[in-house]
2 protein chains.
Amino acid sequence: MGISERKERQKAELREHILHVARDMVMKEGFDALSMRKLAEAVEYAPATLYLHFENRDAIARELCVRGFQELLAVLEPAAAVADPVERLSRLTEAYLAFGLKQPETYRLIFMEDPRLSAALFQDQQDGAGPKSFAVLLRVFEDLEAAGRTPDAIPPARLAEVFWAGLHGIVSLKLTCSGFTGAPAEVLGQTLVATLLRPPALRAKPARRPR
Amino acid sequence: MGISERKERQKAELREHILHVARDMVMKEGFDALSMRKLAEAVEYAPATLYLHFENRDAIARELCVRGFQELLAVLEPAAAVADPVERLSRLTEAYLAFGLKQPETYRLIFMEDPRLSAALFQDQQDGAGPKSFAVLLRVFEDLEAAGRTPDAIPPARLAEVFWAGLHGIVSLKLTCSGFTGAPAEVLGQTLVATLLRPPALRAKPARRPR
DNA sequence: GTCTATAGGCTGATAGAC
DNA sequence: GTCTATCAGCCTATAGAC
């Protein structure tokens, strides 16, 4: 069975290679510039060959979208592991913004291009990559609430949504309205963090106002 | 001179008509679906005729973008005129979100499509439509600061940027990741407002903690 | 499994007749 | 000012030879 295994392996390798080259093209020229013809030329195969490995162009787009999202998740992971929720929130912010600005075309593909692509990430209500990563954000605000650091009477889930919308807004405005925005993304990010946190209780001077 | 005036007027009317039909097409099918051929067919002229009124497709896109932005401004205007800055902030939020959700394709065209289009709105640093409308947001936070309702030590300009990013994030996530977000846009908007405001000083009970 | 060849579209833009 | 006709190019996808 060695021969057929090798063939399978080689087929999988070619598939990976195609995806890798496609990813490079998207990163350099944007998703719209990715055509089957150009991709075929770049991988030095005939256009028809691509269809042996992918059903159509959309299938490639979906795969790139999923992988891009996984990259984002990987970038967030170290930040998500920080114990202190305040520090964690700040680190998540940095990591998210850095990813969006360093990989603009990947970010566009994931979150700004085709609703069908993005929607797919959030379809499996329980198990999809989207909900899973949202859980990371949710946990920060649950931990913050437990520490008494969230604004009163706002549920963590809603804070997490506003937080994500804020991050996404910062990234996408920078990507699309570059001409405008004044402060750097990192500064806006830390401002966002500041507005979502309630100032810590002043335990250092408890005498000042107990109860 | 009546005849040439009439001709000029008719030419301008046709130009308006073309733009109007183009706008409808964008609203219904999105900007990518707008082609010179389809547009020509829709206005019942030959494709070549369009080029007598517009240099090329990009010129139409620019015009639609500018007009879409003016529509957004018009929608914000009543809210911007409210005297009380807290109420004004809330009303601006409602108006902005309503516009984005009711005119998704217009919103996409303005802020999510081509960076060159959006950048154009913010080019004239002093006088462009973009900076002008940002001034509206800036003024709210200046007024809020004067009323002691902004979080400490954050300049109004930065709060205005974070506010706008938040609004844009809410709209664009709803437009692109519709599958996901939990709370309705209006709720997220009011949460955003709440996080950007400092609770009012308790003047009702001044004895509680003067100074 | 890979190719060539091609079907069957679409696109923006223009030359030149009327 | 408007048309017809067309250039020159792009695209996805597939049939069928090797």
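Chain identifiers are assigned alphabetically (A, B, ...) following the order of the sequence lines, protein sequences preceding nucleic acid strands; residue numbering begins at 1 within each chain. Model, not experiment: these values are computed from the prediction.
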Margin query: Is there a side chain to side chain contact (heavy atoms under 4.5 Å, CB included) between B/Met27 and B/Gln103? Walk through the geometry before answering.
Written below: CA-CA 7 Å; B/Met27 288 199 302; B/Gln103 312 256 24; 3.2 Å; yes
Next item on the list: Could you list where the contact with chain A starts and ends along DNA chain C, reading 5' to 3', using a 4.0 Å heavy-atom cut-off?
Entry: C/dG1 to C/dT4
Next item on the list: Enumerate the residue pairs fulfilling ring pair (Phe, Tyr, Trp, His ring centres under 6.0 Å) with a member in residues 121-150 of chain B, sequence neighbours excluded, ordered by first and then second residue.
Entry: A/Phe180-B/Phe122, A/Phe180-B/Phe134, B/Phe122-B/Trp164, B/Phe141-B/Phe163
Notebook entry, point to check: Is the closest side-chain donor-acceptor distance between A/Ser90 and A/Gln190 under 3.5 Å?
Noted result: yes
Checklist line | Point-to-point distance, once rounded to the nearest 0.5 Å, from CZ of A/Arg116 to CG of A/Asp58 | finding: 5.5 Å
Quick one: which protein N/O atoms are closer than 3.5 Å to N/O atoms of nucleotides 7-9 of chain D? Pair and distance per line, please.
none

Exercise answer: donor-acceptor pairs, residues 32-50 of chain A side-chain atoms, under 3.5 Å, sequence neighbours excluded:
residue : atom : partner : partner atom : Å
A/Ser35 : OG   : A/Lys38 : N            : 3.1
A/Lys38 : NZ   : A/Ala33 : O            : 3.0
A/Thr49 : OG1  : A/Ala46 : O            : 3.3

Check: From A/Asp114 CG over to A/Cys65 SG, what is the distance, rounded to the nearest 0.5 angstrom?
Finding: 9.0 Å
Note to self: salt bridge (Lys or Arg N to Asp or Glu O under 4.0 Å) for A/Asp143 and A/Arg149? Distances and angles first, verdict last.
What the structure shows: CA-CA 9 Å; A/Asp143 291 353; A/Arg149 294 298 305 273; over 6 Å; no
Check: What residues in residues 38-49 of chain B put a non-hydrogen atom under 4.0 Å from any atom of DNA chain C?
Finding: B/Lys38, B/Ala48
Margin query: Using the rule ring-ring contact (aromatic ring centres under 6.0 Å, His included), only one of A/Phe99, A/Tyr107, A/Tyr96 pairs with A/His168; which is it?
Written below: A/Tyr107
Checklist line | Residue pairs fulfilling side-chain hydrogen bond (donor to acceptor under 3.5 Å, both in side chains) with at least one residue in residues 10-30 of chain A, sequence neighbours excluded | finding: A/Arg15-A/Glu63, A/Glu16-A/Arg67, A/Arg23-A/Glu71
